[in-house]
Amino acid sequence: MKRQLIIATAAAAALVAGGTVTAVAVSNDGSGSARSGAPVTAQSAAHDAGSGTAQVQDGRSSIRMQDDDADGQEDIREAHTAKVTASDAAAAALKAVPGTVAGLDLDADRPGLVWDADVLGKDGKWHEVTLDAGTARVLNQHVDDEDDDARERAALRNARTDAGTAARTAAASHGTVTSLELDDDRAKPVWEVETLTKDGKEHKLLVDPQSGKLSAAPAHDADDDDNDGADD
């Protein structure tokens, strides 16, 4: 009993503190043993109690995996709940604010599921339009006063493939579009599209704004996203 209590306590401390702990198992005769190794959860540490040893290292790994799984399930629910497609959201945004759509994002951070659309209006101003993801009804719109980007303006002005067409191109073979933006930080501007297939897999795709050609994003793009998430 004492041996299991010490191991369970060490496991819980490691998972809460996010540190590196080696749990020492004390046998009935008072002797102790310790070992270190790959990260384990509190459950596996308790299982090892029967053999007289346990290890707990970097509990943050298991917690992060659980968070990633929860985020993935939430993304799937959002994609299945949205009745308005990305291309339809783009069209609805342009009815509210004539101009050119620069970005779309399916968002559940507020009551209800919405599409957030960034539009460069014909008035030369940047507008953010919030649309109901179930009806395409405009819920809110305002002028965005953030710093302007001349390069993005030029890329939008010169694009032969608009946001709605890029979204339809990606959705035709890669499931539901959950976000889209014109990325002008690359050597050549490109539509960057994220989709979710029915099996829950996320895909990052690129659509050439001139030719409309669809391609998979380079592997390092996904790596950069993972690193950004880890830094957060």
Side-chain angles (χ1 to χ4, degrees), residues 71 74-75 77-171 175-196 202-212 214 217 221 224-225 228-229 231-232:
D71 290 342
E74 183 177 353
D75 290 342
R77 286 194 297 270
E78 291 176 6
H80 289 170
T81 301
K83 297 179 180 180
V84 177
T85 65
S87 58
D88 288 340
L94 291 178
K95 285 184 178 180
V97 180
T100 306
V101 173
L104 293 165
D105 185 43
L106 188 61
D107 186 7
D109 291 340
R110 66 196 79 197
L113 189 62
V114 301
W115 280 105
D116 286 328
D118 294 323
V119 180
L120 177 59
K122 290 185 176 180
D123 58 3
K125 299 178 180 179
W126 288 100
H127 299 256
E128 184 172 315
V129 183
T130 301
L131 304 146
D132 189 305
T135 64
R137 181 170 64 91
V138 175
L139 301 177
N140 186 32
Q141 66 180 82
H142 65 271
V143 174
D144 193 340
D145 295 326
E146 292 185 3
D147 293 339
D148 201 2
D149 187 338
R151 179 179 168 86
E152 184 176 11
R153 283 177 176 267
L156 286 171
R157 187 166 53 249
N158 296 328
R160 296 180 179 178
T161 300
D162 62 16
T165 302
R168 286 192 296 272
T169 299
T176 301
V177 173
T178 56
S179 73
L180 175 149
E181 67 173 344
L182 185 65
D183 185 354
D184 61 336
D185 290 333
R186 301 171 185 267
K188 292 177 58 178
V190 65
W191 288 111
E192 185 178 282
V193 189
E194 292 184 0
T195 68
L196 192 69
E202 294 182 336
H203 303 268
K204 180 178 284 189
L205 308 164
L206 304 179
V207 178
D208 189 304
Q210 299 303 317
S211 67
L214 178 70
D221 278 18
D224 289 344
D225 286 347
D228 290 342
D231 292 341
D232 293 340

Nearest 0.5 Å, what's the CG-CG distance between Leu214 and Leu205? 5.0 Å

Which value, rounded to the nearest 0.5 Å, describes the distance between Asp107 atom CG and Leu113 atom CG? 8.0 Å

Donor-acceptor pair, side chain of Thr178 and main chain of Glu194, under 3.5 angstrom: yes

If we only count heavy atoms from C-beta on, is the Leu206 to Glu192 side-chain gap below 4.5 Å? yes

Under 3.5 Å donor-acceptor, Gln141 side chain and Ala93 backbone: no

Least distance between heavy atoms, Ala96 atom then Val129 atom: CB-CG1, 4.4 Å

Output the distance between atom CG (Asp183) and atom CD (Glu152), rounded to the nearest 0.5 Å. 9.0 Å

Side chain to side chain contact (heavy atoms under 4.5 Å, CB included) for Asp118 and Asp116? Distances and angles first, verdict last. CA-CA 7 Å; Asp118 294 323; Asp116 286 328; 6.0 Å; no

State, to 0.1 Å, how close Ala170 and Val177 come at their nearest heavy-atom pair, and which atoms those are. CB-CG2, 4.3 Å

Closest non-hydrogen atom pair between Val84 and Trp115, with its separation: O-NE1, 2.9 Å

Heavy-atom nearest pair, Leu131 first then Ala89, reads CD1-O, 3.3 Å

How many angstroms lie between atom CG of Asp162 and atom CG of Leu94, to the nearest 0.5 angstrom? 8.0 Å

For Trp191 and Thr161, the nearest pair of non-hydrogen atoms, with its separation, is NE1-O, 2.7 Å

Which pair of heavy atoms, one from Ala117 and one from Leu104, lies closest together, and at what distance? CB-CD2, 3.6 Å

Look up atom OG1 in Thr130 and atom CG in Asp105, then write down how far apart they are to the nearest 0.5 Å. 10.5 Å

Under 3.5 Å, side chain of Asn158 to main-chain N/O of Ala154, donor-acceptor pair present? yes

Is there a side-chain contact between Val138 and Lys95 (heavy atoms, below 4.5 Å)? no

Once rounded to the nearest 0.5 Å, what's the spacing between atom NE2 of His127 and atom CG of Leu120? 8.0 Å

Has the side chain of Arg153 got a donor or acceptor atom that lies under 3.5 Å from a matching backbone atom of Gly124? yes

